Protein chains: 4
Amino acid sequence: MAGSVNKVILVGNVGADPEIRRTQDGRPIANLRIATSETWRDRNSGERREKTEWHTVVVFNEGLCKVVEQYVKKGAKLYVEGQLQTRKWQDQQGQDRYSTEVVLQGFNSTLTMLDGRGDGGGASSGFGGGRGSSNDYGDDYGAPSSSSSSSRGGGGGNFSRDLDDDIPF
Amino acid sequence: MAGSVNKVILVGNVGADPEIRRTQDGRPIANLRIATSETWRDRNSGERREKTEWHTVVVFNEGLCKVVEQYVKKGAKLYVEGQLQTRKWQDQQGQDRYSTEVVLQGFNSTLTMLDGRGDGGGASSGFGGGRGSSNDYGDDYGAPSSSSSSSRGGGGGNFSRDLDDDIPF
Amino acid sequence: MAGSVNKVILVGNVGADPEIRRTQDGRPIANLRIATSETWRDRNSGERREKTEWHTVVVFNEGLCKVVEQYVKKGAKLYVEGQLQTRKWQDQQGQDRYSTEVVLQGFNSTLTMLDGRGDGGGASSGFGGGRGSSNDYGDDYGAPSSSSSSSRGGGGGNFSRDLDDDIPF
Amino acid sequence: MAGSVNKVILVGNVGADPEIRRTQDGRPIANLRIATSETWRDRNSGERREKTEWHTVVVFNEGLCKVVEQYVKKGAKLYVEGQLQTRKWQDQQGQDRYSTEVVLQGFNSTLTMLDGRGDGGGASSGFGGGRGSSNDYGDDYGAPSSSSSSSRGGGGGNFSRDLDDDIPF
DNA sequence: TTTT
DNA sequence: TTTT
């Protein structure tokens with residue numbers, strides 16, 4: 001089925017310093033927990049209420065992993081754009097479990113720092129080499145500071161998440 | 001935390017006729033399964049590959065539930081815009097489980113039919129009454145055919161999903 | 001045509017203190033200029049380049065206008081979600097001109113402050129009254145701090161922009 | 001300014017067969033007019049009203065241009081994701097004019113056919129070659145059927161729209 | 001005219 | 001576990 005769209009956009013704060021793991025063939029994978037929250041006023045009591053939602057964000061893209069590794073710390077405010085993916089795994093009792101994550105991989109994935117820390121050029125400059133080699137025109141235009149696609153000279157792949165991790169969230 | 005965004009946009013096909021349940025106080029809740037898929041070409045074999053992702057969409061909004069009830073059938077192509085929400089529940093062994101769903105509730109939620117079936121006006125006309133009462137201006141403008149907010153005269157609420165269902169996905 | 005979507009999402013900085021005008025019947029309209037920019041590295045010279053894009057954002061929604069009036073200042077970083085609208089007007093030579101704007105009006109419009117200034121509750125609390133009156137459930141849930149829909153008790157309308165302004169951008 | 005986002009998402013119908021032009025160095029540029037519309041009910045008269053908005057979409061991306069050329073016809077329903085760009089030009093009196101367009105170029109641009117015509121593989125297969133060469137992993141994964149980034153082996157560039165066209169919309 |  |  002062509003004709004489908006699977007897109008998640010989050011603006012929120014990172015709950016803890018990201019973990020970066022590596023696949024057996026050396027590619028990095030970053031895990032982030034991002035909080036979004038909504039506030040509203042209880043119409044009976046009039047008091048303010050808040051609900052926080054935690055999202056697991058998994059970055060398969062090499063370029064974006066570098067950005068995460070260098071700049072993203074606990075507390076950072078991020079814009080991320082990725083896709084929803086539900087992964088099946090077995091718990092210790094051998095039962096099927098499912099975890100849904102926001103995956104940044106391949107195209108149309110983006111990660112942008114929104115609080116000023118760490119955007120002194122690192123995000124984009126990190127990809128210069130890889131990208132240049134796949135772009136035949138005079139300008140290396142089109143590289144938003146940390147779009148997933150930027151790392152295309154270097155990665156992008158690893159579709160099946162066959163790491164030996166059993167940790168769901 | 002103000003300053004956060006939690007948005008999911010899907011365009012995909014409905015896997016089965018939707019189920020509509022009701023809360024104890026009578027509000028409807030619709031459950032949909034929506035498939036999105038991506039195709040790509042294996043760079044070694046050259047053959048075409050496809051991966052389908054299934055999403056659980058839960059519609060709490062009364063107006064959108066009516067649209068779902070009347071128009072959405074198995075196979076329909078939909079645009080939905082909602083938010084990510086992870087719900088905790090206990091399985092039969094008493095173990096904590098988590099299910100992540102795309103929730104259409106309150107503001108900034110939308111459901112639009114993309115294949116022509118059922119958009120003969122039903123979606124929007126269903127809300128006329130409720131909306132009119134909360135809008136003091138001459139035109140009842142601003143109601144996209146089936147935006148979640150449309151049902152504001154009638155609903156929108158039910159934040160805590162305290163239905164007695166144990167079904168995760 | 002049901003089955004359509006018209007959505008703009010911007011994260012950028014406000015170029016000048018917003019102007020707030022009023023319609024003849026007293027409703028506020030806020031105008032913002034928001035800058036987004038992209039940086040990339042020129043692949044020949046290796047030097048860093050940047051392109052800034054300026055967007056005109058017009059806020060018709062009363063609730064969001066209050067947020068703008070109170071909190072949005074030159075330099076603020078905002079997330080806005082609205083729709084594209086092209087408006088026709090005549091210049092002094094009587095020639096047709098067109099201006100395209102990002103309009104925040106009615107549903108699915110949002111404005112969120114991303115730099116901490118001014119989100120001490122004002123954004124959402126400003127609407128409590130209006131909203132409460134159009135929601136029959138126990139909780140006034142669903143009001144993101146400054147979603148356009150929040151002002152539904154008070155406004156939302158003014159579809160045709162028949163203000164007597166001739167200023168395009 | 002890193003930390004910015006400029007995104008437009010449209011679902012609508014194409015108003016006329018697309019025009020494809022070429023730059024002096026041979027790269028294609030496709031122009032589309034896409035209509036989105038909203039319907040609502042006038043709260044006084046009770047009658048149904050509709051407003052259609054026309055958007056100019058300019059496709060700089062070679063891969064997406066091929067998709068447009070082969071599959072997009074008048075009446076087609078499309079999902080497009082691109083960015084807002086305002087272009088300055090001079091009219092015949094030498095006056096400055098501005099036209100705002102939805103530009104599909106580089107990253108995070110997508111065009112997807114939503115009505116079944118033309119998604120028999122063409123969209124993605126068209127890019128196989130170009131992409132493969134910039135991806136070192138086993139699978140050519142990550143190519144949504146017609147994401148802009150797909151054409152990275154072949155194009156992507158042309159930032160400054162220095163065509164000799166004077167046609168605004 | 002913003003921001004980095 | 002973040003942030004306001």
Side-chain angles (χ1 to χ4, degrees), chain A residues 10-19 31-41 48-57 67 71-80 112-125 144-146 167 169, chain B residues 1-6 86 88 98, chain C residues 10-19 31-41 48-57 67 71-80 112-125 144-146 167 169, chain D residues 1-6 86 88 98:
Chain A
L10 302 175
V11 174
N13 292 281
V14 176
D17 286 348
E19 314 161 39
N31 270 266
L32 298 168
R33 292 282 285 166
I34 294 185
T36 56
S37 68
E38 293 182 274
T39 53
W40 70 100
R41 198 159 286 275
R48 198 158 182 214
R49 300 183 56 181
E50 175 170 20
K51 176 168 196 295
T52 296
E53 191 71 38
W54 285 97
H55 309 271
T56 298
V57 174
V67 175
Y71 301 109
V72 176
K73 303 293 173 214
K74 176 176 173 174
K77 176 158 284 188
L78 299 183
Y79 172 95
V80 302
T112 303
M113 314 263 327
L114 294 178
D115 44 11
R117 306 173 228 181
D119 46 21
S124 52
S125 66
S145 31
S146 39
I167 310 113
F169 267 9
Chain B
M1 174 177 57
S4 75
V5 173
N6 174 359
T86 298
K88 187 181 184 177
Y98 298 86
Chain C
L10 302 176
V11 174
N13 293 279
V14 176
D17 287 346
E19 314 160 38
N31 270 266
L32 298 168
R33 291 281 288 167
I34 295 185
T36 57
S37 68
E38 295 181 273
T39 53
W40 70 99
R41 197 160 287 277
R48 199 156 183 214
R49 301 183 55 180
E50 175 168 20
K51 175 166 198 292
T52 296
E53 191 70 38
W54 285 97
H55 310 272
T56 298
V57 175
V67 174
Y71 300 110
V72 175
K73 304 291 172 216
K74 177 178 172 173
K77 177 159 280 187
L78 299 183
Y79 173 96
V80 303
T112 304
M113 314 263 323
L114 294 178
D115 44 10
R117 306 173 228 182
D119 46 21
S124 51
S125 67
S145 31
S146 40
I167 310 112
F169 267 11
Chain D
M1 175 177 54
S4 77
V5 173
N6 173 359
T86 297
K88 187 180 183 178
Y98 298 86

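By convention in this document, chain letters (A, B, ...) are assigned in the order of the sequence lines, proteins followed by strands, and residues within each chain are numbered from 1. As the structure is a prediction and not an experimental result, all values here were calculated from the model.
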- Query: Should C:V80 and C:I34 be marked as a side-chain contact (heavy atoms from CB on, under 4.5 Å) after you check the CA-CA gap, both sets of side-chain angles, and the distance that decides it?
  - Reply: CA-CA 9 Å; C:V80 303; C:I34 295 185; 3.9 Å; yes
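Of the candidates F:dT2, E:dT3, F:dT1, E:dT3 carries the atom nearest the C:N13 side chain, counting heavy atoms from C-beta on. Considering only the side chain of A:A35, F:dT2 comes nearest among F:dT1, E:dT2, F:dT2. Out of E:dT2, F:dT1, F:dT2, the shortest distance to the side chain of C:K74 is found at E:dT2.
To the nearest angstrom, P of E:dT1 lies 17 Å from CG of C:L32. Rounded to an integer number of Å, the gap from CZ of A:R49 to C1' of F:dT3 is 19 Å. Atom-to-atom, CG of A:D115 to C1' of E:dT4 comes out at 13 Å; the value is rounded to the nearest Å. Atom CG in A:L114 sits roughly 13 Å away from atom P in F:dT4 (whole-Å rounding). Put simply, CG on C:L78 is 12 Å from P on E:dT3, counting in whole angstrom units. Between C:Y79 atom OH and F:dT4 atom P the separation is 20 Å, expressed in whole Å. Between the CD atom of C:E50 and the P atom of E:dT4 there is a distance of 11 Å, rounded to whole Å. Look at CG on C:L10: it is 13 Å from C1' on E:dT2, rounded to the nearest Å.
The aromatic ring of C:W54 stacks onto the base of E:dT1, its centre lying under 5.5 Å from the centre of the six-membered base ring with the two planes under 30° apart.
In this structure a side-chain-to-backbone donor-acceptor pair under 3.5 Å is present from B:S4 to A:S37. Distance alone, capped at 3.5 Å, is enough to place a donor-acceptor pair between the A:D115 side chain and the A:K77 backbone.
For F:dT2, the base has a donor-acceptor partner in the side chain of A:T52 [N/O atoms by modelled type, under 3.5 angstrom].
For the residue pair C:R49 / C:T39, no side-chain donor-acceptor distance below 3.5 Å is found, with atom types taken as modelled.
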